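Let me begin by presenting the structure, written as structure tokens, before commenting on it.
Scope of the values below: all heavy atoms of this structure, side chains included, with no hydrogens, waters or symmetry mates. Values in this document were obtained by computation on a predicted structure and should not be read as measured data.
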Amino acid sequence: MGIYVEAHIRDDLDRIWTHTQDPARRRRWDLRLTEIDCLPHPEGEPRRFRYATRVLPFVTVSGTGVSAGEKTAPDGTRTSALRFASPHPLSPVAEGGSYWRCVPDGDGVRLLTGYEHRPRWGRAGTLVDRVLLRPLTGWATAWSFDRLRLWLERGITPERALVNWLVELAVRALVVAAAGTGLALDSFAHLFGPLAAAMAYLCPLLLAVAVAVALSSSPRSCTPAARRCLRTPPTRAAVPRLLAGLERPS
């Protein structure tokens, strides 16, 4: 499928599965979802749900979906699949589908997902999808997986993890802004008198190093980071038949 994300989580398989399948828990850690609620459905039939996603600060689009029941393989692997669609004209995604897998692996579980969608708005939508939406969705999925990992492995709640990320982002931005201001003030080097020539050389160099460190340094261990997740499958990833046989939501 178009988007693939995988994280290794050192925790119990049942607990991981519950946190990915339960709507109340999932909306706490999944950055892509603003709301997700199960809808009434007959016993034994696929679950139906309603979801909402904030695409702009004051614009929220909603849609409906259907998800298949879990399947447990002999090796303990669990798989679920879902399809969704949104009729909202401002939703950049018309419809899509994904699958989830929890694969036992040594001291933990490989949590992985494959995701594909069809963009709206014709050729313009296809361009927006390729340049912006698809990369952003992949990043948000990976960031959310690492946020879930911190919750399960270290007890850092999703709300606390978000605060950690925002604080770290603000610190990096301040360093870059301060360095930019310092470069703009380079014309004041003459105030250092006999050291002016040396300062004119050293200041831009030190400020450039500060910017490089701020932009490239590894996130703190308590901060979610998409870079910690695998973004390409280690082997050819087969789409489960469970997804292929799932009806499209009306």
Can we say D146 and R228 salt-bridge, meaning some charged N sits less than 4.0 Å from an Asp/Glu carboxylate O? yes

Determine, using the 4.5 Å side-chain heavy-atom cutoff (strictly less than), whether L169 and L162 are members of one ILVMFWY cluster. yes

Within the 4.5 Å heavy-atom criterion, are R47 and L82 side-chain neighbours or not? no

Within a strict 4.5 Å, meaning less than it, do heavy atoms of the V128 and P119 side chains meet? no

Nearest heavy-atom contact between R172 and S217 is NH2-O, 3.0 Å

Hey, would you say the W151 and H19 ring centroids sit under 6.0 Å apart? yes

Could you go through the salt bridge (Lys or Arg N to Asp or Glu O under 4.0 Å) check for R134 and E116 one step at a time? CA-CA 9 Å; R134 198 167 290 264; E116 187 57 274; 2.7 Å; yes

F145 to T113 - nearest heavy-atom pair and separation: CZ-CG2, 3.6 Å

Hey, could you give me the OG1/CG distance between T77 and D105, rounded to the nearest 0.5 Å? 10.0 Å

Result of checking I16, T79, L112 against C102 for side chain to side chain contact (heavy atoms under 4.5 Å, CB included): I16

Could you check if a side-chain atom of T20 sits within less than 4.5 angstrom of a side-chain atom of W29, using non-hydrogen atoms only? yes

Has the side chain of S86 got a donor or acceptor atom that lies under 3.5 Å from a matching backbone atom of S62? yes

Tell me if the CZ atom of R54 is crowded by more than 12 foreign heavy atoms within 6.0 Å. no

Got a second to check how far L148's CG is from I9's CD1, nearest 0.5 Å? 4.5 Å

Heavy-atom side-chain proximity of W17 to V109 below 4.5 angstrom: no

On a heavy-atom basis, which atom in S218 and which in E168 lie closest, and how many Å separate them? O-OE2, 4.3 Å

In the single-linkage hydrophobic clustering (I, L, V, M, F, W, Y; side-chain heavy atoms under 4.5 Å), do L166 and W143 co-cluster? yes

To the nearest 0.5 Å, what is the distance between CG (L133) and CZ (R120)? 12.0 Å

Residues forming a side-chain hydrogen bond (donor to acceptor under 3.5 Å, both in side chains) with D11, sequence neighbours excluded: R15

Kindly indicate, with the supporting measurements, whether the criterion side-chain contact (heavy atoms from CB on, under 4.5 Å) is fulfilled by W121 and D129. CA-CA 10 Å; W121 311 327; D129 179 63; over 6 Å; no

Could you point out which residue of R27, R28, R50, R26 forms a salt bridge (charged side-chain N to carboxylate O under 4.0 Å, His left out) with E35? R50

Atom of R110, atom of H8 and distance for their closest heavy-atom approach: CG-CD2, 4.3 Å

Greater than 12 external heavy atoms within 6.0 Å of R227's CZ: yes

Is R149 close to L111 at the side-chain level, that is, under 4.5 Å between some pair of heavy atoms? no

Shared hydrophobic cluster, L136 / I3 (ILVMFWY, side-chain heavy atoms < 4.5 Å): no

Specify whether W139 and W165 have parallel, tilted or perpendicular ring planes, treating 30° as the upper limit for parallel and 60° as the lower limit for perpendicular. tilted

As an exercise, state the distance from CZ of F84 to CD of E95, rounded to the nearest 0.5 Å. 8.5 Å

Tell me whether Y51 is reachable from W100 by hopping between hydrophobic residues (I, L, V, M, F, W, Y) whose side-chain heavy atoms are closer than 4.5 Å. yes

Answer yes if L33 and L150 sit in the same cluster of Ile, Leu, Val, Met, Phe, Trp and Tyr residues linked by side chain heavy atoms under 4.5 Å apart, and no otherwise. no

Atom pair CZ/OG1 of R160 and T223 - distance to nearest 0.5 Å: 9.5 Å

What closest approach, in Å, do P234 and E6 show between heavy atoms, and which atom pair accounts for it? CD-OE1, 3.8 Å

Return the minimal non-hydrogen interatomic distance between A140 and L31, and the atom names on each side. CB-CD2, 4.2 Å

Positive for side chain to side chain donor-acceptor pair (under 3.5 Å) with R32, one of T53, T137, T141: T141

Working to the nearest 0.5 angstrom, can you tell me the gap between R101 CZ and S80 OG? 10.0 Å

Listed partners of C222 passing side chain to side chain contact (heavy atoms under 4.5 Å, CB included), at least two apart: R154, I156, N164, R220

